[in-house]
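Data first, discussion second: the structure below is written as structure tokens.
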Amino acid sequence: MKFSMLALAATALTAVHGFSVSPNSVRQVTPLFSSAVDVDTKAALATAANEARGLAMDSIAAAHSGHMGLPLGAAEVGAILYGSEMTYNSKDPTWINRDRFILSAGHGSMFLYSWLNLAGFDLPIEELKNFRQYHSQTPGHPEFPNSEHNTPGIESTTGPLGQGVANAVGLAASEKMAEAVYNTDDHKIFGHHIFALAGDGCFQEGVSAESACFAAHEKLDNLIILYDANEVTLDKMAEYTQSEDILKRYEAYGWEVYDIDGHDLDAVQSAIAAAKASDNGKPKFIKCNTIIGKGMEETEGTNAAHGEAGVPYVDKAKVNIGIPEGEKWYVSEGTRDFFGDVQKKNQAAYDEWQATFAAWKEANPALAKQLDDAVNDNVMSSEDMIDNIPATGQSDAEATRVSGNKAIQEIARIVPHYISGSADLHGSCRNYIEDGGNFGAGFDKSYAGRNLYFGIREHAMGSILNGFAFHGLFKASGSTFLVFVDYLRPTVRVASLAELGAVSYILTHDSIGVGEDGPTHQPVETVSGLRVIPNLDVYRPGDAEETVAAMIHSVTRKDGPTALIFSRQNVDQNSDVDYKERRAGALKGGYIAKKESADLDLIIIATGSEVQHALKAAADMPGARVVSMPCTSVFDKQSADYKESVLPSSCTKRIAMEAGVSDIWYKYASKVIGVDRFGFSAPGDTVMEELGMTAENLKKEIASM
């Protein structure tokens, strides 16, 4: 080891041992660095921790923007994760059996970028220099690879606090499912851990609590959460807004908890190693007591350290932690050599796994095909699905939630890696996969089950679904009543910006037609509220065949999530149009559901349960065309020629109808019949009639045009 590296390590180790921590550890762990043999490794990790601090300081200073507190405060945690305890291959960052790391406290993104660079991922120093700049690979918060960024080693889009913790629960559940589905007695190809680093803000957000309960109940012992306990939030010191004993809280949930000095490399490594080795059915929670902004004496330990307040002191702080004066984005040769050795160790484990994987594929060709399809998102085309799924044969009126139940069985048959779950509403939303088994631990559950019971935890459900998508092995849907989608709306937004095509939402009881439950359960603004989220396709089908098409879209779409909006009340079938034509039209977002029999002089646009009213109203209007538009965003993406064929610009007399707020429909029509108020408690038919959602009222409004 070079003298310069030893000198830097001495500075680092002095800082580490100078930190005091409460002796009341919940779990005592035996240090692994207990012999002289390990001294060089420990010195190398300490050096790497300080050089990671330096990289973060320089990048944030160059950007004049960012959050310095976590990268400096949690550097030793990063050193142990990437330098010792995580299994990964930086040359194959999508290896399916790698450990995953989620930075739930996404504002501390330079922590992650620094360690990805040091660990040998394809994230060069030049990208660190472009932190937070346009088109860089180092955006302000970590972004899962998408059309905007393709940063290797980013396992989850984080930033909204708490969601990363819940994403990690989803990844852990997906990993357990992968073990159960794909491992055999002879070959184990899955068996990795999910790590997440989170701060006080993450644990104050309720989504982390919801997901923590789920993780403990389903015994996800492959999950390790590291709590960066620096006693600071943005506005104030954390004690100003919290006084709970978080270790007791997590222990009460059913987690195994540890309390350590987060700057003591011995303690960090020992705790993580113990957590990995403990297959006791309990997820692991490691409280790492740290000093926020450690190494920058002007701000460390205060809420000022959270952001970029320390930028004026960067040069002095770097010298104090052993970085050569005047050097920027400095990484010593010794650190590069050390991580080169880490890569060799990881490569050996990777090569051994590849041999096992090859033997598994040879012994299990059908499973291997299923896994390959899952990893590469290979599914039957939408056109082939139209042909493969038999006609519903439905002629009587039927609620689209019931139609959806029939369709989901066909989807589950065609797509074996499709799973579904519900926030305690399987019976109402009708999205249970028959013969799919139930996921989890205990009762009649197993980790191979395709039906997840989330409990009444919609926010956690949304984040866990995203976690399944981030893990990359299963297509996941989740259900609740439409009116409750606002509980998980933040996760829908993340799924949309992260372009998670493997996620869909089954949202039933779609309008004032809910009836007796009253306005608390009657969504009027909700569908349009979802439609305004960029890259979210919102389908509100008008009959059974359109419902099949909506389900097909949800599993064939590659670049974003789909929300499926289904009715509680029965709707008529448009049997005058062939079932394949209805499906194909719905897959284009909008189509002609009834063509005029005379010169075109009126277009009625409707969606969902209102299509039946449009068809009835137009029955005795020879010049009227009815357009069913189950998905506005998909229709808007069609060619200009197709849109003109459905909505010819020559016909300006247009009226739209939906049992929801009216604003969105004015882009297509000059007059809209909608519901721009809350409903009331009464039978659904009564509410619909009183608020104008009938064929008779539609005809009356047309007559007034």
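Being a predicted model, the structure only gives us computed values, none of them experimental. Values below: every heavy atom of this structure, side chains too, minus hydrogens, waters and symmetry copies.
In this structure, a donor-acceptor pair under 3.5 Å is absent between the side chains of T302 and T299. Side-chain N/O atoms of S278 and E256 include a donor and acceptor closer than 3.5 Å. With 3.5 Å as the limit, one finds no donor-acceptor pair spanning the side chains of T562 and D537. In this model, no donor atom of one side chain and acceptor atom of the other lie less than 3.5 Å apart for Q163 and T158. A side-chain N or O of S59 and one of W329 form a donor-acceptor pair less than 3.5 Å apart. At a cut-off of 3.5 Å, with distance as the only test, a side-chain donor of S65 or R132 sits close to an acceptor on the other residue. Side-chain polar atoms of N535 and E499 form no donor-acceptor pair below 3.5 angstrom. Side chains of S136 and E127: a donor-acceptor N/O pair is absent below 3.5 angstrom, by distance only. Counted by atom type alone, R100 and H192 present one or more donor-acceptor pairs between their side chains at under 3.5 Å. Between the side chains of Y227 and D200, at least one donor N or O sits under 3.5 Å from an acceptor N or O. In this model, a donor atom of one side chain and an acceptor atom of the other lie less than 3.5 Å apart for D351 and Q347. Looking at N466 and T491, their side chains never bring a donor and an acceptor atom within 3.5 Å of each other. Side-chain contact, T157 with E143: no donor N or O sits under 3.5 Å from an acceptor N or O.
Checked against the 6.0 Å centroid threshold, F285 and Y253 do not count as a close aromatic pair. For Y88 and W95, the ring centers are positioned 6.0 Å apart or more. Ring-centre distance between H135 and H149: not below the 6.0 Å cut-off.
Contact record, P139 with F131: O-CE1, 3.9 Å, taken as the closest heavy-atom pair. Listed here is the closest heavy atom pair of F190 and E175: C-OE2, 3.7 Å.
Taking the charged nitrogens against the carboxylate oxygens, R98 and D92 have no contact shorter than 4.0 Å, which rules out a salt bridge. Ion pairing between a basic and an acidic side chain is recognised when a charged N comes within 4.0 Å of a carboxylate O; E76 and K294 show no such pairing. Under a 4.0 Å N-O distance rule, the pair D559/R557 qualifies as a salt bridge. Between K316 and E297, at least one side-chain N (NZ, or NE/NH1/NH2) sits under 4.0 Å from a carboxylate O, which counts as a salt bridge.
M237 CE to Y240 OH: the interatomic distance, rounded to the nearest 0.5 Å, is 13.5 Å. Atom CZ in F195 sits 15.5 Å away from atom OG in S104 (nearest 0.5 Å). The line from CZ of R489 to CG of L530 is 6.0 Å long, rounded to the nearest 0.5 Å. Taken to the nearest 0.5 Å, the CD1 atom of I291 stands 10.0 Å off from the CG atom of N230. Taking CG from L220 and NE2 from H193, the interatomic distance works out to 12.0 Å, rounded to the nearest 0.5 Å. To the nearest 0.5 Å, the span separating CH2 on W255 from CD1 on I246 amounts to 10.0 Å.
With hydrogens and angles ignored, the 3.5 Å screen pairs a side-chain donor or acceptor of N376 with a backbone N or O of D372. At distances below 3.5 Å, not a single donor-acceptor pair connects side-chain atoms of S174 with backbone N or O atoms of H471. Counting only distance, with no hydrogens or angles, the side chain of K276 and the backbone of E85 share a donor-acceptor pair below 3.5 Å.
The aromatic rings of F101 and F111 sit tilted, their planes meeting at an angle between 30° and 60°.
Heavy-atom neighbours of R493 CZ from other residues, nucleotides or ligands within 6.0 Å: at or below the threshold of 12. Atom CD of Q343 is surrounded by more than 12 heavy atoms from other residues, nucleotides or ligands within 6.0 Å. Within 6.0 Å of atom NZ in K236, 12 or fewer heavy atoms from other residues, nucleotides or ligands are found, so the atom counts as exposed in its surroundings. Few gaps surround CZ on F144; more than 12 heavy atoms of other groups in view lie less than 6.0 Å from it.
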Problem - Test side-chain hydrogen bond (donor to acceptor under 3.5 Å, both in side chains) applied to N303 and D235, step by step - result: CA-CA 7 Å; N303 61 305; D235 271 352; over 6 Å; no
Practice task
Run the numbers on D122 and K91 for salt bridge (charged side-chain N to carboxylate O under 4.0 Å, His left out), then give the verdict.
Solution key: CA-CA 8 Å; D122 186 17; K91 305 308 178 188; over 6 Å; no
Practice task
Tell me, with the steps shown, if K129 and E126 meet salt bridge (charged side-chain N to carboxylate O under 4.0 Å, His left out).
Solution key: CA-CA 5 Å; K129 293 179 180 180; E126 286 304 313; 3.3 Å; yes
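Put simply, the side chain of W353 reaches to within 4.5 Å of the side chain of I96, judged on heavy atoms.
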